[in-house]
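This structure is a prediction, so every number in the text was calculated from the model and none was measured. Per chain, numbering begins at 1; letters A, B, ... match sequence-line order.
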2 protein chains.
Amino acid sequence: MPGQRSITEAEKLASAKLGGIPIRREQMAAVANVHRAASAVRQHLENSVLRGSDLTWTAFVVLWVVWVWGESETRHVAEEAGISKGTLTGVARTLESRGLLGRAGHPGDGRLVLLSLTDKGEELMQRVFPAFNEEEAFVTSGLSDDECRTLADLLRRVVLQVEDHGEERRRELLDGAEPAPRRSGRRAKA
Amino acid sequence: MPGQRSITEAEKLASAKLGGIPIRREQMAAVANVHRAASAVRQHLENSVLRGSDLTWTAFVVLWVVWVWGESETRHVAEEAGISKGTLTGVARTLESRGLLGRAGHPGDGRLVLLSLTDKGEELMQRVFPAFNEEEAFVTSGLSDDECRTLADLLRRVVLQVEDHGEERRRELLDGAEPAPRRSGRRAKA
DNA sequence: CGACTTTCGTTCGGTCTCAAATTGTACGGA
DNA sequence: TCCGTACAATTTGAGACCGAACGAAAGTCG
């Protein structure tokens, strides 16, 4: 249950650990709180509206994307939902088996797969989304409309920074070195 | 790559879908951006500083918590790291097998397990944390120190709202009904 | 001091997660 | 038409993730 106090406290401890190396405190606190807030909100939504419809966060997001954007190619859905396409394959399979999502080949391009909501999926969203939005309002009820706008704007700028300059930054950090493989994940056959 | 435009666009589409039911737009945009930002930041950090040391986000957070707070009981670490205690058991096992984390029984209370960093773990954090904080600064470099403070504050208020009133809210929503079990998860033996 | 209750950490089932390897389709040029 | 390149989704391997069930230890109270 770490609020402001913990973070401030943690800063001091981390500072002491480093013996004088300066810490970017404001930035550290901002980033830490982004994750705290994200997981608190996610937790609340999963355990309130989503639980009753037996949906995980990710499953809901995927359905939501297809709902608002209509029949879509999987890579767009993955991008929009913020998950990898590998993950989407699995999630879509699950949702398909539950009769919420349909899957169809693209008429012109055989490589593409199109996702769309079934009638059952459509009904589900019609029912669940309003409740979901209601809880979004609940979690932000400590903020005014204006503050919500400010919050959204500040976060948007963080997202843009990473999207616009992240890749370049990562290249610079590696500086020529090949980007170390992940520990988990597939290995070369050889 | 959905920035402001996508969200605004999505609002209209969702709005149309609902045929007149009002949407809390600011709240929806704020919540959506919290998650967008969280995953963008996490992605960037995993693929820059953490990757090189073969750490996942969660593994790093766990190490960080033990690092700043010192030898700690597992439930505190889980709480502070924002993961369930079940997850922590697994993560701690992994980190222990890599020689970064130590595990010891509590002398007075046989139920407790204490986690602490090994020397190797200590060295790792000494090296990795400054780089991590550097990237926290990078992702927020579009914001001034003041804006970071504002951002942290707004997010903190969201977290507090959920922590202080979330449980009660969820009870109200269920209104007596037993809280539907998760689809995945252990079942009663019977 | 024995029976209840609480509180630990661990185990377990099912899902999600990533990125690399793989498979399949498309399309340009030789 | 065959060939290589480009790009799509899927499979795969290792692990993170949650929360209910669980067993052990500790506390409580008669």
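A donor-acceptor contact shorter than 3.5 Å is absent between the side chain of A:S53 and the backbone of A:L50. A:T118 places a side-chain N or O within donor-acceptor distance of the main-chain N or O of A:G99, the cut-off being under 3.5 Å. A donor-acceptor pair under 3.5 Å is absent between the side-chain atoms of B:R24 and the main chain of A:A137, judged by distance alone. A:D153 contributes no side-chain N or O that, together with a main-chain N or O of A:R149, makes up a donor-acceptor pair within less than 3.5 Å.
Listed nucleotides C:dG9, D:dG19, D:dT10 differ in distance to B:K85; the shortest reach to its side chain belongs to C:dG9. Closest approach to the B:L112 side chain among D:dA8, C:dA19, C:dG9 is made by C:dG9 (side chain taken as heavy atoms from C-beta onward).
No side-chain heavy atom of B:V34 sits less than 4.5 Å from a side-chain heavy atom of B:V158.
The salt bridge (Lys or Arg N to Asp or Glu O under 4.0 Å) pairs that include a residue from residues 53-72 of chain B are A:R183-B:D54, where partners are two or more places apart or lie in different chains. Residue pairs meeting the ring-ring contact (aromatic ring centres under 6.0 Å, His included) criterion with at least one partner in residues 12-53 of chain A, sequence neighbours excluded, are A:H35-B:W57, A:H44-A:F138.
The phosphate of C:dT17 has neither OP1 nor OP2 within less than 4.0 Å of any side-chain N or O from B:Q43. Contact between the side-chain N/O atoms of A:T74 and the OP1/OP2 oxygens of D:dA9 is found at a separation under 4.0 Å. Taking only side-chain nitrogens and oxygens, A:R98 never comes nearer than 4.0 Å to OP1 or OP2 of C:dT15.
Among the heavy atoms of the strands lying under 4.0 Å from B:G82 are primed sugar atoms or P, OP1, OP2 only; no base atom is included. B:N47 comes within 4.0 angstrom of sugar-phosphate atoms only, judged by non-hydrogen atoms across all strands, and of no base. Residue A:G105 is out of contact with every strand shown, counting any heavy-atom pair closer than 4.0 Å.
Between A:R93 atom CZ and C:dG14 atom C1' the separation is 14 Å, expressed in whole Å. Straight-line distance from the CD atom of B:E46 to the P atom of C:dA20: 13 Å, rounded to whole Å. Spacing between atom CG of B:L101 and atom C1' of C:dG9 amounts to 15 Å, rounded to whole angstrom units. Rounding to whole angstrom units, CG of residue A:L95 and P of C:dC16 are separated by 7 Å. B:H76 places its NE2 atom 13 Å from the P atom of C:dT7, with the value rounded to the nearest Å. In this structure, A:E79 places its CD atom 13 Å from P of C:dA19, rounding to the nearest Å. Rounded to whole angstrom, the span from the CG atom of A:L50 across to the P atom of C:dT15 amounts to 16 Å.
Each of B:V41 and A:L173 belongs to its own hydrophobic cluster when Ile, Leu, Val, Met, Phe, Trp and Tyr are linked at side-chain heavy-atom distances under 4.5 angstrom.
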Just the atom pairs and distances: protein N or O near nucleotides 3-6 of chain C's N or O, under 3.5 Å.
none

Below 3.5 Å between N/O atoms, which protein atoms pair up with nucleotides 13-16 of chain D? Just atom names and distances, please.
unit_1, atom_1, unit_2, atom_2, d
D:dG13, N2, A:G185, N, 3.3
D:dA16, OP2, B:T94, OG1, 3.4
D:dA16, O3', B:T58, OG1, 3.1

Write down the protein N/O and nucleotide N/O pairs, taken from nucleotides 2-4 of chain D, whose separation is under 3.5 Å; answer none if there are no such pairs.
none

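Taking CZ from A:R170 and CG from B:N47, the interatomic distance works out to 5.5 Å, rounded to the nearest 0.5 Å.
Toward the 5' end of DNA chain D, the nearer of the two residues B:G110 and B:I83, judged by each one's closest nucleotide, is B:I83. The nearest heavy atom of DNA chain C to A:D109 and to A:G86 marks one nucleotide each, and the one closer to the 5' end goes with A:G86.
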Report the C-alpha distance between A:S97 and A:T94 in whole Å, list the side-chain angles of each, state the deciding distance to 0.1 Å, and finish with yes or no for side-chain hydrogen bond (donor to acceptor under 3.5 Å, both in side chains).
-> CA-CA 5 Å; A:S97 78; A:T94 304; 5.7 Å; no
Using a 3.5 Å cut-off and no angle test, enumerate the donor-acceptor pairs between side-chain atoms of residues 123-131 of chain B and protein atoms at least two apart in sequence or in another chain.
none

